[in-house]
Amino acid sequence: MAKVLAVIGARPQFIKHYPFEVAAKGRFDLVTVHTGQHYDQNMSQIFFDQLGMSKPDYQLQAGGGSHGAQTGRMMIELEEIILKEQPDAVVVYGDTNSTLAGALVASKLHIPIVHIEAGLRSFNRNMPEEINRILTDHISALLFVPSQQSVSFLAQEGIIQNVHIVGDIMKDMVMMTVNNGWLLARPLEDEYYFATIHRPYNTDEKERLLQVLSAFQEQACKVVFAIHPRTRKAMETFDIAMSDYTNVLFVEPQPYFENLTWLYYSQALITDSGGMQKEAYWLQKKCVTVRSETEWVETLENGNNVLVFNDLTQISDAISAPMQAFSTSLYGDGNAARQMVEGISQLCTINID
Ligand code: UD1
């Protein structure tokens, strides 16, 4: 049986890894490395517990610090592990520093890289994620993309081989959750908007963070804000008191089912997350994205996702605009993981039964 080594490290990667692990069972010898990029209990361990995922074979502690130091620490340790394990392929997900570290190490050891969620572009090179995904795409042997748009973006950069449209693995996870009845009871009787904000450009300057919180304070219904460790730290550093924001219910970062449940029962989502824009779309919720651009351009097409960045007082109007029809086939049919396993099996020339 071929050996496939997967690198995970940040919250969305634990979620993407679950459907992959399920689909890969019995097909590969799957070795998992957790870089430790996200390390708080409710940013990491809770997902393994809730989803019943296998304990990573290797647990690194490379989280925290500057981007260079963090990525460098990951690379040093990943190189040792990959040399020891000698996998037939290395799987990386998305656009985080863990993705880039895994891809760079594998490429230098001439091990084929499989990039799950390839071909996304924000065209904002100030975002570390944009650099991480561009570099990873260019050194990958197999690129799994969610839509035709990504095929075009890759073609513009000269990447035309081994690109497969399989849909989005996060859709697998959302559909599994809804269809298996894993959503929980409605968490709050009142109507509310659900919110998550953690991008450095929204959190790392006091004025900007105050604007975000003031916008939440002004909304017509309560804003339930699942606060990322970065945002919490920034509020502490800037001496911003949660108690000043009476319209905001601050909650810890939520486990997966709880997070999806908050979204499912909400009136709308306010976010700067990549993944949650899509989750809102699949659950047919209005989304206001607090960014100047998005990789998930298809969600913008009929106005169900709206970008608001410079003037946050526009959130209220954007969020209350009527919703349009949602496409049920956006980013695949919830069977991305199975197709990925087939593709990787072929790459590793495994005989599938
Ligand atoms: C990372 C990813 C981003 C992804 C996001 C999901 C990169 C460049 N960015 O950004 O693509 O959408 O994860 O959450 O890889 N921290 C804690 N506890 C934790 C995790 C982080 O306190 O469990 C702190 C870190 O020490 C740091 C800050 O939060 O001060 C941000 O951590 P970082 O690793 O940069 O990740 P994100 O901003 O979450």
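Just follow the structure's listing: the first ligand is 1, and inside any ligand the first atom is 1.
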Check residues 226-236 and write down every donor-acceptor pair under 3.5 Å in which the side-chain atom is one partner and the other belongs to a residue at least two apart or another chain.
from : atom 1 : to   : atom 2 : distance (Å)
H228 : ND1    : R230 : N      : 3.0
R230 : NE     : H198 : O      : 3.4
R230 : NH1    : D204 : OD1    : 3.3
R230 : NH1    : D204 : OD2    : 2.9
T231 : OG1    : I197 : O      : 2.6
R232 : NH2    : E252 : OE2    : 2.7

- Task: Measure the distance from atom 4 (C) of ligand 1 to every protein heavy atom, then report the residue, atom name and distance (to 0.1 Å) of the closest one.
- Result: H198 NE2, 4.1 Å
- Of R230, M43, K233, the residue with the heavy atom nearest atom 30 (O) of ligand 1 is K233
- Task: Could you grab the distance from atom CZ of R73 to atom OG1 of T35, nearest 0.5 Å is fine?
- Result: 10.0 Å
- Item | Shortest protein contact, atom 21 (C) of ligand 1 (heavy atom only) | H38 CD2, 3.8 Å
- Given R232, M276, R199, Q41, which one has a non-hydrogen atom that is nearest to atom 12 (O) of ligand 1? R199
- Within less than 4.0 angstrom of ligand 1, does G274 place any heavy atom? no
- Would you check the N or O atoms of D95, main chain and side chain alike, for any that come under 3.5 Å of an N or O of ligand 1? yes
- Y256-W182 aromatic ring centre distance below 6.0 Å: no
- Task: Kindly identify the option in I131, N97, D40 whose heavy atom sits closest to atom 8 (C) of ligand 1.
- Result: N97
- Among protein heavy atoms, which lies nearest atom 7 (C) of ligand 1, and at what distance? Q37 NE2, 3.6 Å
- Message: Side chains of Y201 and R291: any donor to acceptor distance under 3.5 Å?
- Response: yes
- Which ligand 1 atoms does G64 reach within 4.0 Å, using its non-hydrogen atoms? 26 (O)
- Task: Run the numbers for me: atoms of ligand 1, each under 4.0 Å from some heavy atom of Q70, listed by number.
- Result: 34 (O)
- Message: Less than 4.0 Å is my threshold; does some heavy atom of P12 fall inside it relative to ligand 1?
- Response: yes
- Item | Interfacing atoms of ligand 1 (cut-off 4.0 Å, heavy-atom, H67) | 8 (C)
- Item | Nearest protein heavy atom with distance in Å, relative to atom 9 (N) of ligand 1 | E129 OE2, 3.1 Å
- Would you say the side chain of I113 lies within less than 4.5 Å of the side chain of S107, judging by non-hydrogen atoms? yes
- Item | Ring-ring centroid check Y245 F216, cutoff 6.0 Å | no
- Task: Indicate, with yes or no, if the rings of Y192 and W262 have centres closer together than 6.0 Å.
- Result: yes
- Query: Would M127 count as a contact of ligand 1 if the rule is a heavy atom under 4.0 Å away?
  - Reply: no
- Task: Mind telling me whether F14 and F48 have parallel, tilted or perpendicular rings, with 30° and 60° as the class edges?
- Result: tilted
- Where is the nearest protein heavy atom to atom 16 (N) of ligand 1: which residue, which atom, and how far? Y39 OH, 3.5 Å
- Query: With a cut-off of 6.0 Å (strictly less than), are more than 12 heavy atoms of other residues, nucleotides or ligands near CZ of R186?
  - Reply: yes
- Is the H115 to Y93 ring centre distance short of 6.0 Å? no
